[in-house]
Amino acid sequence: MGLSVALVQPAPSFARAAPESFASLVEQVSPAVVNITTTTMVAAPTLRGPVFPPGSPFEDLFRDFGMPGQRPGTPQRSNALGSGFVISEDGFIVTNNHVIEGADEIQIEFFGGDTLPAKVVGTDPKTDIAVLKVESDKPLSHVSFGDSDLARVGDWVMAVGNPLGQGFSVSAGIVSARNRELSGTYDDYLQTDAAINRGNSGGPLFNMDGQVIGVNTAILSPNGGSIGIGFSMASNVVSKVVDQLKKYGETRRGWLGVKIQDIGPDMAEAMGLSAGAGALVTEVPEGPARDAGVEAGDVITAFDGGEVKDTRDLVRRVADAPVGEAVRVTVLREGKSKTLLVTLGRRELAEGEAVPAAVRAPQKAEADILGMRLAPMTPELASELGLSAGAEGLVVKDVDQSTDAWDKGLRPGDVIIEAGQQPVAALGDLEARIEETRAAGRRSMLLLIRRGGEPRFVAVSVS
């Protein structure tokens with residue numbers, strides 16, 4: 001009787017991925033993690049209640065406990081707690097901007113119990129990052145940034161900080177998701193289920209090599225406590241901000257000078273595009289892009305040699321590019337690709353600049369087109385809409401709620417300034433564009449509208 005031999009298959013690599021302990025990693029990185037205490041002097045709120053004579057024991061009692069009866073306007077100390085981490089032996093520290101914003105005093109407590117005062121080097125509210133500096137007579141333990149783009153969903157991570165004022169504390173979990181957006185232009189968050197609570201803000205999120213791949217910034221919670229949905233700003237965003245804050249004390253982001261929007265499937269069809277990738281230019285005010293020849297209706301498909309996936313991708317690429325650098329921008333215009341050389345400006349200086357006014361349009365009669373009641377712009381209509389007297393376009397007076405125009409979001413008060421990527425000032429202009437679209441065999445046409453001064457493209461059915 002022969003013997004059968006069973007081959008033992010090696011366990012898949014992920015079966016060995018879970019660490020037996022995080023203890024060695026904790027010992028490695030903890031000396032570089034700090035607790036941050038801020039003190040702010042604030043005026044006491046005006047509260048109604050009994051007023052006691054000076055020197056009364058009740059006056060001391062109510063003042064100490066912040067109860068009614070304290071003297072209005074008396075400054076009070078307000079303390080807040082957060083976390084941070086040292087990134088250099090000479091005392092540079094990274095934390096969240098909201099941890100130290102408005103603070104009069106900042107104290108850093110190190111792992112060994114020593115404390116040092118800190119000064120603000122620079123802050124960036126857009127990414128909620130701040131850089132602090134302490135002066136120490138000895139080199140400080142520090143950690144380095146890792147490549148957050150290498151973090152995969154499911155990778156182990158560890159958060160270290162000062163949750164709820166409990167002092168140094170560690171929690172572990174995995175990367176739950178990547179590329180999360182919350183509310184900022186430059187958001188790129190790693191989502192994690194490692195416990196993050198108040199006081200963890202500004203603390204590091206480590207990979208298993210002891211590198212910082214995120215700065216713990218926010219949580220999603222119905223009750224203020226951790227429910228396993230935490231967000232850490234990705235290190236590849238943070239490290240660039242930190243470098244600029246250390247060098248200049250402020251951020252210096254590139255500025256292209258265009259207003260853009262993503263391209264949906266219906267818009268891609270209306271424009272005759274095979275895919276919806278890229279960023280559609282809705283407006284080109286005075287600035288670098290206009291100087292280089294970029295036009296409204298262009299689709300930016302590449303920036304500085306890299307493919308542009310969508311508007312968010314373009315915004316981040318431009319922001320990361322050096323101010324004053326000449327970069328190649330590839331646009332798709334009327335079905336043809338064109339590369340332009342754009343010298344980038346600085347976003348911080350350009351923000352808030354006004355958009356130049358359009359040319360005055362003549363007054364015409366109203367008409368129903370594509371389910372909308374339209375009228376050419378007049379100075380009177382422009383005044384009603386809060387626009388300049390020289391504004392141009394077709395004003396939407398009413399929209400039939402059973403039409404595609406309503407479904408696509410067009411509403412009374414919108415101003416159509418382009419159709420089929422050509423300006424429209426009269427009703428006949430729009431009718432001509434509709435006929436051209438139908439003759440080309442397309443089911444929808446691209447409209448450029450303004451609402452509240454902001455431009456946006458919309459693809460509306462012409463069937």
Side-chain angles (χ1 to χ4, degrees), residues 257-264 266-268 270-272 279-287 289-290 293-300 311 331-334 353-399 403-437 442 444-462:
V258 292
K259 292 188 176 182
I260 53 178
Q261 72 177 72
D262 287 325
I263 304 172
D266 53 348
M267 294 175 62
M271 298 173 67
L280 177 60
V281 178
T282 61
E283 187 173 13
V284 190
E286 291 289 344
R290 174 180 284 192
V294 178
E295 299 177 1
D298 286 351
V299 177
I300 299 177
T311 56
V331 302
L332 192 63
R333 181 183 301 168
E334 297 179 354
E353 292 187 356
V355 177
V359 181
R360 182 186 297 259
Q363 183 175 1
K364 301 287 183 178
E366 296 182 2
D368 292 317
I369 303 176
L370 300 179
M372 298 175 287
R373 187 71 177 171
L374 302 175
M377 182 69 71
T378 64
E380 293 75 19
L381 285 174
S383 177
E384 291 177 12
L385 296 172
L387 303 175
S388 65
E392 186 177 64
L394 301 177
V395 179
V396 179
K397 305 292 289 292
D398 195 13
V399 185
T403 63
D404 186 59
W406 177 272
D407 293 339
K408 294 299 173 58
L410 282 155
R411 296 294 184 268
D414 290 345
V415 180
I416 302 172
I417 57 177
E418 283 187 11
Q421 297 180 274
Q422 296 183 48
V424 290
L427 297 170
D429 296 339
L430 178 58
E431 291 169 340
R433 302 294 85 76
I434 293 172
E435 290 305 316
E436 291 170 2
T437 301
R442 294 177 182 165
S444 56
M445 179 178 62
L446 209 60
L447 300 180
L448 178 56
I449 68 168
R450 282 188 183 278
R451 177 181 298 169
E454 289 297 315
R456 184 167 184 80
F457 280 106
V458 178
V460 177
S461 173
V462 295

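Atoms considered below: every heavy atom in the structure, side chains included; atoms not considered: hydrogens, waters and symmetry mates. Residue numbers start at 1 and run along the sequence shown. If you're wondering where the values come from, they're calculated on a predicted model, not measured in any experiment.
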Side-chain contact, heavy-atom cut-off 4.5 Å: Asp414 with Val395?
no
Ion pair present between Glu283 and Arg450, side-chain N to carboxylate O less than 4.0 angstrom?
yes
So do the side chains of Met377 and Leu385 get within less than 4.5 Å of each other, counting heavy atoms only?
yes
List the steps, then state whether side-chain contact (heavy atoms from CB on, under 4.5 Å) holds for Val281 with Val294.
CA-CA 8 Å; Val281 178; Val294 178; 4.2 Å; yes
Beyond-backbone contact of Glu366 with Lys397, side-chain heavy atoms, under 4.5 angstrom
yes
Heavy-atom closest pair (Ala367 atom, Leu427 atom, distance to 0.1 Å) is CB-CD1, 3.7 Å
State, with a plain yes or no, whether a side-chain heavy atom of Ile434 is found less than 4.5 Å away from one of Ile369.
yes
Kindly say whether Gly420 contributes a backbone atom to a donor-acceptor pair with the side chain of Arg433 at under 3.5 angstrom?
no
Do Asp404 side-chain atoms and Ser461 backbone N/O form a donor-acceptor pair below 3.5 Å?
yes
What pair of heavy atoms forms the shortest contact from Ala296 to Glu418, and how long is it?
CB-OE2, 4.2 Å
Any donor-acceptor pair under 3.5 Å from Lys408 side chain to Ala459 backbone:
yes
Point-to-point distance, once rounded to the nearest 0.5 Å, from CG of Leu280 to CD1 of Ile300
9.0 Å
Say whether, by atom type as modelled, one donor and one acceptor occur between the side chain of Thr282 and the main chain of Lys259 under 3.5 angstrom.
yes
Testing the 3.5 Å rule here: is there a donor-acceptor pair between the side chains of Asp262 and Thr311?
yes
For Asp429 and Ala425, indicate whether the former's side chain and the latter's backbone hold a donor-acceptor pair under 3.5 Å.
yes
Does Val460 reach the side chain of Ser444, with side-chain heavy atoms less than 4.5 Å apart?
no
Can you confirm whether Arg456 sits close enough to Leu448 that some side-chain heavy atom of one is under 4.5 Å from a side-chain heavy atom of the other?
no
Can you give me the closest heavy-atom contact between Leu394 and Pro376, atom names plus distance?
CD2-CA, 3.8 Å
Leu370 side chain reached by Met445 side chain, heavy atoms, under 4.5 Å:
yes
Heavy-atom pair of closest approach, residues Glu295 and Val284
C-CG2, 3.7 Å
Give a yes or no on whether the backbone of Ala270 and the side-chain of Arg442 come within a donor-acceptor separation of less than 3.5 Å.
yes
Pair Ile417-Val424, side-chain contact (heavy atoms from CB on, under 4.5 Å): steps then yes or no:
CA-CA 6 Å; Ile417 57 177; Val424 290; 5.7 Å; no
Test item: Leu374 and Ile416 side chains (from C-beta on) under 4.5 Å apart, heavy atoms
yes
Does Glu334 CD have over 12 foreign heavy atoms under 6.0 Å away?
no
Do Arg411 side-chain atoms and Trp406 backbone N/O form a donor-acceptor pair below 3.5 Å?
yes
Can you spot which of Val458, Val299, Leu446 makes a side chain to side chain contact (heavy atoms under 4.5 Å, CB included) with Met267?
Leu446
